[in-house]
Structure formats: C-alpha cells, structure tokens
Amino acid sequence: MFEINLRQFFTPKAIAETLQVLPPLMTPVMDRVYPEANRKQHPFPVLGYTEIKRVVKNVPVVRRGSTAVQVGEDKGGITYIEPQPIEVSTFLSAKELNDMQLLTAKGIQQYITDKIDFLRRVVRKTTEALAAQSLTGEIAYPMKTASGLETYSVNFGSTLAYTVDKLWDDPNKKLSEVLEDLIAISQTIIENGYGNIVFLAGAKAFSTLAGLALNVHTEGKIAIQITEKAINIAGFTIELMHYKYLDLLTNQSKYVVPPDKICAISLEAPHTLFYCAIDDIEAGLVPLPLFATYEMKKNPSGVEIVGKSKPLPVPVVDAICWAKVTS
C-alpha cells in the first residue's frame, strides 16, 4: 500500500512539477555560456559528430532555377559520440518511511521534494564541472565503472589561442596596450564569423587589469567602468571568473579560468548543452534534464531514490580564445 502511495511522487509529470517549484540554481559557466535558450533535449542516446561540429556560415545566393547549396554535409559517414549519464542516489530508511506515514500528503510531498532537490543540486554541480571543462575544447572527467574509475573523454577540437607581447603585470604595460590585446583576441574570433564577445578573467588577470584601469588618467581618455565583478574598457567587457569545481581525480578544487589567464567567448556562437535520452524505462527513454525514480531495498530495508541525467555541453571551439596575460 505504501509503495503505491510513494509511486505517485515519481511519475515524469510529478517530477516535472516538483522541479518547477524549486528555486533556480546559480552555476556561472552554464548561466553564461550555456543559458536556458541554449539547452536542448535530444531525442537519442547518442549525438552525431557532424551535428556537434556543424558551423553556421554565410553561403552564396543561388540563381533562380538552380539547385540549392548543400550545407551540413558529411561525406565521410556518421560518427557518434556517446554521452555518459550522471546517476546519483540517496536512501530512505524503513524508519524514515514509517515516520512519513504520520505526515499529511503535503508533508510527504515536501519530504520527497527535499530529497529530489538534493539530487538535483548534485547533478547540476556535475553538469557545471563538465561545462567548465568544455571551455578548453575537451572533457576529461572521472567515470565510475564496475572495476573502478576511468576517464570519460570527449574532444571537440582545439580552441583558439593568443600570445600577448607583454604580460599585463609587466611594470611597463600600458592600458592602451591591454586594449590592443583585447582587440587582437576579439579579432581571432571575429574572423570565424562570431561576435558579441565577453572576456572571462581569472582572479589575478582581473585584479591586474583593475589596477591598470584605476591609473587610466596617466594615459589620456579611455572610457572605463569598473564594478565588483566586471570591467568595461572602451566597450570590451571583462568579467571576473574566479569560480572553481572539484577535480575528483586529485580531490582538489580547480579554477574554471586559471588566475593568470583570460578566456574570450562569443556568446553569439551556438554553444549548446544537450540533454540526451535517459536510459530508464520509467522515464520513457526520453531526454530530461533530471529524472528521479526509486527502488525498494531489503538489506538494509528502505527505498533508494535515484536521480538521472545525461548532459553533454558542446562548445563552439572556433568561438573561444584563451590567453595567458599575467605571470
């Protein structure tokens, strides 16, 4: 009887309604590079390599009556990338289940919602770590297997790179020269057809630039605006990206953008976070950002609640440029 009552909280519809009432989670890389508009549910468990490498560029017009220009063609056959799932669980003991019978339906719903929210936060943290790694053009993330940990690898290709003539913390560096660097870095991306570029700066790079900007009066009139987390110089926006994610291989926190570097990214490029079809019959084998299900256990007695997701953040590597700017 209790199992039937519990099941009503774990249908796809019930999970979707639960997720809707939970507060939004702040994840800086996903929010900035893979915003809601760039998150897509993919109907299959795999992604075609040509699909993620597709680049949108201008093409010739066609003389009336002629054949259309072919775009997105793959002449070498289809190669698939198999995204690996995130699956996490939490346990409801028999004691907790027994105590839940004392609650109202609303109380039970809140209890289950709290458990799902916990799993949601873990899945989101993991997806954020994958998104952070994707900015380098490659995901290399620990993958649990029956024999231990292996590396889950996806290579999207090389991102762009730029070498500054003089580091920003060089005592002779001028703000006008920093501006030249920003223009040159932007140009490497613009040449690939992408605009709306933002610069994500590591902590030292950001503070060094802020120091140079505060001394701008020595160099004449350059339009500057400095806030707690962003610097605008002559229309170029440099945002502080000092966040970290946990490197599970070393158990050490790792910067999304190292302190001495900046990462220029075109927000106009179609960086896409795909949610692929989940390997779960109760979920209908369909793509969902998160699905939760449960399984009765006998030893110890209780219920295991499992959260599942299959995300793959896919960057446009030709719209990302890295540069080391401080020592």
Side-chain angles (χ1 to χ4, degrees), residues 25-34 38-42 44-49 52-53 79-91 115-159 200 202 241-259 261 263 265 271-280 283 287-293 295 304-317 320 322:
L25 299 177
M26 306 303 291
T27 39
V29 177
M30 290 176 63
D31 296 341
R32 202 69 178 104
V33 184
Y34 300 101
N38 290 33
R39 300 171 195 172
K40 297 182 180 179
Q41 295 186 13
H42 194 277
F44 303 115
V46 295
L47 284 170
Y49 186 72
I52 69 172
K53 290 291 289 184
T79 302
Y80 292 105
I81 289 178
E82 184 178 12
Q84 298 300 318
I86 301 170
E87 296 188 5
V88 292
S89 67
T90 187
F91 192 72
K115 293 288 186 180
I116 293 175
D117 185 33
F118 172 67
L119 296 177
R120 175 186 74 129
R121 291 174 184 274
V122 176
V123 168
R124 184 63 174 261
K125 279 282 188 181
T126 306
T127 307
E128 172 74 355
L130 294 173
Q133 285 196 351
S134 76
L135 299 185
T136 66
E138 181 180 12
I139 289 173
Y141 197 80
M143 176 174 63
K144 177 180 173 291
T145 67
S147 58
L149 289 179
E150 296 181 8
T151 300
Y152 166 45
S153 298
V154 184
N155 195 316
F156 303 105
S158 299
T159 58
L200 306 180
M241 179 60 76
H242 62 319
Y243 300 99
K244 295 181 177 182
Y245 65 92
L246 180 63
D247 185 335
L248 296 175
L249 293 177
T250 63
N251 204 32
Q252 299 290 322
S253 294
K254 191 171 184 178
Y255 283 104
V256 174
V257 178
K261 293 183 178 181
C263 178
I265 301 179
H271 311 288
T272 306
L273 175 59
F274 289 99
Y275 289 107
C276 292
I278 295 175
D279 305 320
D280 192 288
L288 295 168
L290 176 68
F291 179 71
T293 185
E295 181 180 353
E304 183 180 40
I305 300 176
V306 182
K308 301 182 179 183
S309 184
K310 197 186 289 183
L312 180 64
V314 178
V316 179
V317 292
I320 300 174
W322 287 85

Enumerate, atom names and distances included, each donor-acceptor pair closer than 3.5 Å involving a side-chain atom of residues 306-314, sequence neighbours excluded.
residue: Lys308; atom: NZ; partner: Asp280; partner atom: OD2; Å: 2.6
residue: Ser309; atom: OG; partner: Pro289; partner atom: O; Å: 2.7
residue: Lys310; atom: NZ; partner: Ala277; partner atom: O; Å: 3.0
residue: Lys310; atom: NZ; partner: Asp279; partner atom: OD1; Å: 3.1
residue: Lys310; atom: NZ; partner: Asp279; partner atom: OD2; Å: 3.1

Atom pairs and distances, side-chain donor-acceptor, residues 245-258, under 3.5 Å, sequence neighbours left out:
residue: Asp247; atom: OD1; partner: Leu249; partner atom: N; Å: 3.0
residue: Thr250; atom: OG1; partner: Gln252; partner atom: N; Å: 3.3

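Atom CG of residue Leu200 and atom CD1 of residue Ile265 lie 4.5 Å apart, to the nearest 0.5 angstrom. Taken from CD in Glu128 to CG in Asp31, the straight-line distance is 7.0 Å, to the nearest 0.5 Å. Note: Ile116 CD1 to Leu290 CG = 7.5 Å, rounded to the nearest 0.5 Å. Here OG1 of Thr272 is found 5.0 Å from NZ of Lys40. Values are rounded to the nearest 0.5 Å. Note that CD1 of Ile81 and CZ of Phe274 are 10.0 Å apart. Values are rounded to the nearest 0.5 Å. Within the model, atoms CG of Leu273 and CD of Gln41 stand 10.5 Å from one another, a figure rounded to the nearest 0.5 Å.
Arg39 places no side-chain N or O within donor-acceptor distance of the main-chain N or O of Tyr275, the cut-off being under 3.5 Å.
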Worked check of side chain to side chain contact (heavy atoms under 4.5 Å, CB included) between Trp322 and Leu135: CA-CA 9 Å; Trp322 287 85; Leu135 299 185; 4.1 Å; yes
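Taking 4.5 Å as the limit, some side-chain heavy atom of Ile320 sits within range of a side-chain heavy atom of Cys263. Under the 4.5 Å side-chain criterion, counting only non-hydrogen atoms from C-beta, Met30 is in contact with Arg124. Using a 4.5 Å cut-off on side-chain heavy atoms (C-beta onward), Thr127 and Thr27 make no contact. Between Phe118 and Val88 the shortest side-chain heavy-atom distance does not fall below 4.5 Å.
With sequence neighbours left out, the side chain to side chain donor-acceptor pair (under 3.5 Å) criterion links Ser158 to no other residue. For Arg32, the salt bridge (charged side-chain N to carboxylate O under 4.0 Å, His left out) criterion is met by Glu239, not counting sequence neighbours. Qualifying salt bridge (charged side-chain N to carboxylate O under 4.0 Å, His left out) partners for Glu150, counting only residues two or more places apart in sequence or in other chains: none. Take Thr145 and apply the side chain to side chain donor-acceptor pair (under 3.5 Å) test, not counting sequence neighbours, and it matches Ser147.
Considering every non-hydrogen atom in both Arg120 and Asp117, the closest pair reads NH2-OD1, 2.8 Å. The minimum heavy-atom distance between Phe291 and Ile278, with the atom names listed, is CB-CD1, 3.9 Å. The heavy-atom pair separating Leu47 from Pro83 by the smallest distance is N-CD, 4.3 Å. Phe156 and Glu138 make their closest contact through CD1-N, 4.2 Å (heavy atoms, listed as atom of the first residue, atom of the second, distance). The heavy-atom pair separating Ser134 from Pro315 by the smallest distance is O-CG, 3.2 Å.
Heavy atoms from other residues, nucleotides or ligands lying under 6.0 Å from CD of Glu82 number 12 at most. For Phe44, the CZ atom is loosely surrounded, since the number of other residues' heavy atoms within 6.0 Å does not exceed 12.
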